[in-house]
Amino acid sequence: MRKIILALFFLGLFATTASAQKEFASIELQMRNAEDLVTVADDEGYVCVYFFQGGNLNFRLLSPTGKQIAQHEVPYRFSQDPQILGTRVTDEEFIFYSRHVNGRREYVRPFAINRQTGAFRSIQDQLLKTERNFTFIGGFGDKEHFYMLYTDRKYNLHLFRDSDAEVAQLERRTFEDKMPRARDRDSRLADLIYVYPDMEQSVFTGHHRSKIYARGDKIYMIFDGYQLKGEKNKATTEILTLDWNTNQTDYRTLPFIEQKNEPVFNSFLFENTLFRVQLEKEEMKLMAFDFTTLQPKKEYNYQGEEEITIKATPVLQRGAKSLFSSDKTIIEKTSKVMKKLASGVPAITVDNFTDNSIQLTIGSYEAPQRSNMYNDATRMVQTPTRYMQTSRGLMLIPGRWVPAYSIPNYYLNSPYYSRYFYDPYRRNNTMQPVGPGTSTYFRAVLDGDNLEKVSIDKDMVPLPERIMAFEEELKPEPDFKTMYRYGDKLHYAYYDRKNRTFRIMEFALGDKPQEQNQQQ
């Protein structure tokens, strides 16, 4: 009897979790690499799914009700995989942008799918007016434009943007370098990511210390915790503004913070408010600044074992899994909260919770350890067998066993040349970290106007936590997942490798699970 009661209890618990969302679409995808999937949606609910496989461009177009409208498998005229740098949604089409390099020439290769009919359109390649000393930083696209960012040896920034007349014709602006030198050359641009509206609200995405935002005709690049030359044991938040219309560069900073080696603070721009969180073992400080004037708007400060009053959820730790333990741990002791939160790189993200409130994710992310065997330079590696041209014809030189340190890293780490070396002592996937890393965080809900704490109903579970609870029920963990929104809905899409199916689950923003159950 006791076992029956427990079984019914867990069955009811799972039913509550599962019914907090509904399936929007499910389509079969016979693909090998789920990482190649790209999804883009418009405000009306049309969804375009893209992946590259076997030399073909594959597309699926879904209607706002989740039904498949069109399916295409287009032979690509080049054998090279078109790495998608960004997407755009125009009045009529979904635009996909990729970059191609041929010697010193760089091209943009766009192609498009009609939003209503699913018709495919190939767009002529566009040659970029780059120079020899240009270094590509990255590409990104928003609702209005697609951008490509370069830098040169003099630290100037070169920004390419599609014109209003033609989506594939990129114009260029050069912005003069106005930032002081950092202690590590090019350290700011090495970790630069684009913050897009549907970015996952987690400390993994928020821990990057270099972020770029597109707002109309202005690009904001914000850097946190990089020590400048001449500033000993101090760092700050740097704001670099690139104005496309005026071709002007503006550089601003927030007040400096004491920092020796590891970063102790990070920031996130939400609408016209810049949030900065500072995490140390005995202190946590959250400040909000007016982004136009950089004047402080609100401050929360907690010391030692003081309770963090703005928490809307407990402090959670994910990824620190040991033998016979869960992947998720709730840190209940107040004395351990500050220490755990400051165990990695500080991180913060901000998003809408309801129409008049915002949700903050505050914590830290500790990157996973990499394989030690990969760094073992004394391991034995067999060189490839070669043929040498001599006066007597071809001579066979068999491969031999040599220590890894005797071979230049360029050959061992190159995706092309490394295939010719027999390296049995090198672990599989050594270029990838071991494990997902450790995320320690909590959620806070604040009023959108005065930034005061908002008390929420216990049933009002923050949407990221509902999605994580749904992920925990998926066995095995999906190889690919993405999120996007339209209207007041958010879609969580993942690839089910076992069934070769791409599934899209629909969540409602700010809904209570009970209310959503009644609607279903």
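Because only heavy atoms are used, hydrogens play no part in the values below, and waters and symmetry mates are left out as well, while side chains stay in. Computed from a prediction, not measured in an experiment: that's the story for all the values here.
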Going by the rule salt bridge (charged side-chain N to carboxylate O under 4.0 Å, His left out), which residues pair with D177 if we only count those two or more places apart in sequence or in a different chain? R181

Donor-acceptor pair, distance only, cut-off 3.5 Å: does the side chain of S357 make one with the backbone of G448? no

Salt bridge (charged side-chain N to carboxylate O under 4.0 Å, His left out) partners of E280, counting only residues at least two apart: none

Hits for side-chain hydrogen bond (donor to acceptor under 3.5 Å, both in side chains) against K339, two or more places apart or cross-chain, chain-then-number order -> none

With D250 via salt bridge (charged side-chain N to carboxylate O under 4.0 Å, His left out) - residues at least two apart: R252

List the atom pairs, with distances to 0.1 Å, where a side-chain N or O of residues 289-297 and a protein N or O form a donor-acceptor pair under 3.5 Å, not counting sequence neighbours.
from, atom 1, to, atom 2, distance (Å)
D290, OD1, T292, N, 3.0
D290, OD1, T293, N, 3.0
D290, OD1, T293, OG1, 3.3
T292, OG1, N272, OD1, 3.3
T292, OG1, N272, ND2, 3.4
T293, OG1, Q295, N, 3.3
K297, NZ, T273, OG1, 2.9

Taking the ring centre of each residue, are F146 and Y97 less than 6.0 Å apart? yes

Residues pairing under side chain to side chain donor-acceptor pair (under 3.5 Å) where one sits in residues 133-148, two or more places apart or in two chains, turn out to be H145-D162

Taking only residues two or more places apart in sequence, or in another chain, which ones meet K298 in a salt bridge (charged side-chain N to carboxylate O under 4.0 Å, His left out)? E452

Non-neighbouring partners of A119 that pass side-chain contact (heavy atoms from CB on, under 4.5 Å), sequence neighbours left out: N114, T117

Once side-chain contact (heavy atoms from CB on, under 4.5 Å) is applied, do any residues pair with Q53, and if so which ones, sequence neighbours excluded? M31, R32, F51, N58

ring-ring contact (aromatic ring centres under 6.0 Å, His included) with F96: which residues, sequence neighbours excluded? Y50, F59, F111

Contact list for residues 214-228, test salt bridge (charged side-chain N to carboxylate O under 4.0 Å, His left out), sequence neighbours left out: R161-D217

Residue pairs passing the salt bridge (charged side-chain N to carboxylate O under 4.0 Å, His left out) test with at least one member in residues 92-106, sequence neighbours excluded, are E93-R121, R99-E106

